[in-house]
*Asks:* 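Here it is: the structure, laid out below.
Heads up: numbering here begins at 1 and tracks the sequence. Just follow the structure's listing: the first ligand is 1, and inside any ligand the first atom is 1.
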Amino acid sequence: MRLNPCELEIDLFCRGVRVPESVSLDGARGVRRTRAGLGSGLEVAIPTGSWLKPEIWMNAPVAEPFARTSPYVVRGAPGAYEVLDEPGGLSYPIRIPPQPRWYDRLTSRDVPMSRIGVLQGTYLGIYINPICEFWASELNCRFCTTGQNVGATEARDKAVPDVVETCRAARDYSGATFVHLNGGFQGSRGIAMAEPYLRAIKKDVGMLVGVQLAPEKDFSRYDRLIDLGVDHLSFCVELLDPAWFARICPGKQRMLGQRLFFDAMEYCARRMPHGAVSGEIIAGIEPVERTLEAIDIITAHGAFPTVCIFRPTIGSDMEDWPPPSYEDMRIVMRHVYEACRRHWLPIGAAPNIEVSLVVNPDDAALLADLDAGFYGYEAWRRLVRIAARPIFRRRMKPVARPRRALRAA
Ligand code: SF4
């Protein structure tokens, strides 16, 4: 049976895709295993042919063992790729985005910009802080590879000027509008460490900025981030079931506790514009009913759910685990969209933010029943997008002119 573009996205996350050596990926965006390691696959854009959104971005697993037995295989050549479902004999056109020209450029401190930040979909992702402290005590989240990537495939220390210059390049050469800064667990210093980056990006570049850190108990620190102009805050609670949370995220369990994630999420959602806060979870580890419950709790807290499909990333403690089933993940993603609709969350309102590591909530509109509620919500979303344009334009204005010129590698 032919899958629609969101169904294909989900199936590719669950089964991966093979890329034969005979298929040239010349000029394509290379695999970048940075941050937690989820970007370890091939960046792909799937045209939808739908009025809902033109393309769906995703990062299709290619390196993990399960991808080697995938029914999907990439065919074609630069400019004309497709994914073939070999057993079914069905082909789906895809676009493989080009490698950003600025990846090889050097910052003024001679660091290649791709070691500072990478595009994950259309947004720029940068791990800013020292290696998450959970790694030093073997309390790291079991799916994560940050401790292997920071200092190896990406620079260990990201100086503020390097981050600013990389943001500026991503904005100018790739049209990026949003930079996502994350930094793991740093005790009670994580937010303070993020502040100089936020301040400098807002002042010198003017992109939308998201911050994702382990929650801190002094919530007034979030007020400071909001005062500095942060546009998005996300909280990675990962799993709802307490036993699974403790088993997969031992550091978060021991040092923070699950409750703190939801409390911080709720606190920030009350202070920031509707839709500016998200709760991140991983689907495909705990029973699917708990994932659905987590989605309901996150949306009831006024946040939107960011749901990663579990990937047994090479090098992680869970590399031998199986990926989840398509059927379960389709149920989860449909639930994401329905929960956002129930709470009138303005998903997809910000300009040009397509996250390739997850099924974006508005991707999942393609899974919904086409009833009156669907058309009402979609019409409202369209109006919100139009009304929000001048607000985002204003928020993306730097407060000072860029000073440094880029240097070619
Ligand atoms: S908090 Fe967990 S997921 Fe985040 S960087 Fe640390 S170990 Fe990785």
*Asks:* Relative to the heavy atoms of Cys132, which atoms of ligand 1 are at a distance of less than 4.0 Å?
*Replies:*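 So the answer, numbered in order with elements, is 1 (S), 5 (S), 6 (Fe), 7 (S).
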*Asks:* Specify the closest pair of heavy atoms between Ala28 and Ile96, including all atoms of both residues, with the distance to one decimal.
*Replies:*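 Of all heavy-atom pairs spanning Ala28 and Ile96, the closest is CB-CG2, 3.5 Å.
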*Asks:* Would you mind telling me if ligand 1 is within reach of the side chain of Cys141, the backbone, both or neither, using heavy atoms under 4.0 Å?
*Replies:*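 Both backbone and side chain of Cys141 come within 4.0 Å of ligand 1.
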*Asks:* Please state whether Glu133 comes within less than 4.0 angstrom of ligand 1, counting heavy atoms only.
*Replies:* no
*Asks:* Answer with yes or no after comparing the ring centroid distance for Phe235 and Tyr267 against a 6.0 Å cut-off, counting only values under it.
*Replies:*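 Judged by ring-centre distance (under 6.0 Å), Phe235 and Tyr267 do not meet the cut-off.
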*Asks:* Can you name the atoms of ligand 1, numbered from 1 with element, that are less than 4.0 Å from a heavy atom of Trp135?
*Replies:*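 With Trp135 as reference, the close atoms of ligand 1 come out as 7 (S).
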*Asks:* Counting only N and O atoms by type, is there a donor-acceptor contact under 3.5 Å from the side chain of Lys53 to the main-chain atoms of Ala365?
*Replies:* no
*Asks:* Give the numbers and elements of all ligand 1 atoms closer than 4.0 Å to a heavy atom of Phe134.
*Replies:* 1 (S), 6 (Fe)
*Asks:* Do Leu106 and Pro112 have side chains that approach each other closer than 4.5 Å (heavy atoms only, starting at C-beta)?
*Replies:*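 A side-chain contact exists here, since the closest heavy-atom pair is under 4.5 Å.
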*Asks:* So, do Trp51 and Arg382 sit near enough that their side-chain heavy atoms are less than 4.5 Å apart?
*Replies:*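 Result yes, sub-4.5 Å side-chain heavy-atom pair found.
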*Asks:* Look at atom 8 (Fe) of ligand 1 and find which of Gly190, Ser316, Cys144 reaches it with the closest heavy atom.
*Replies:* Cys144
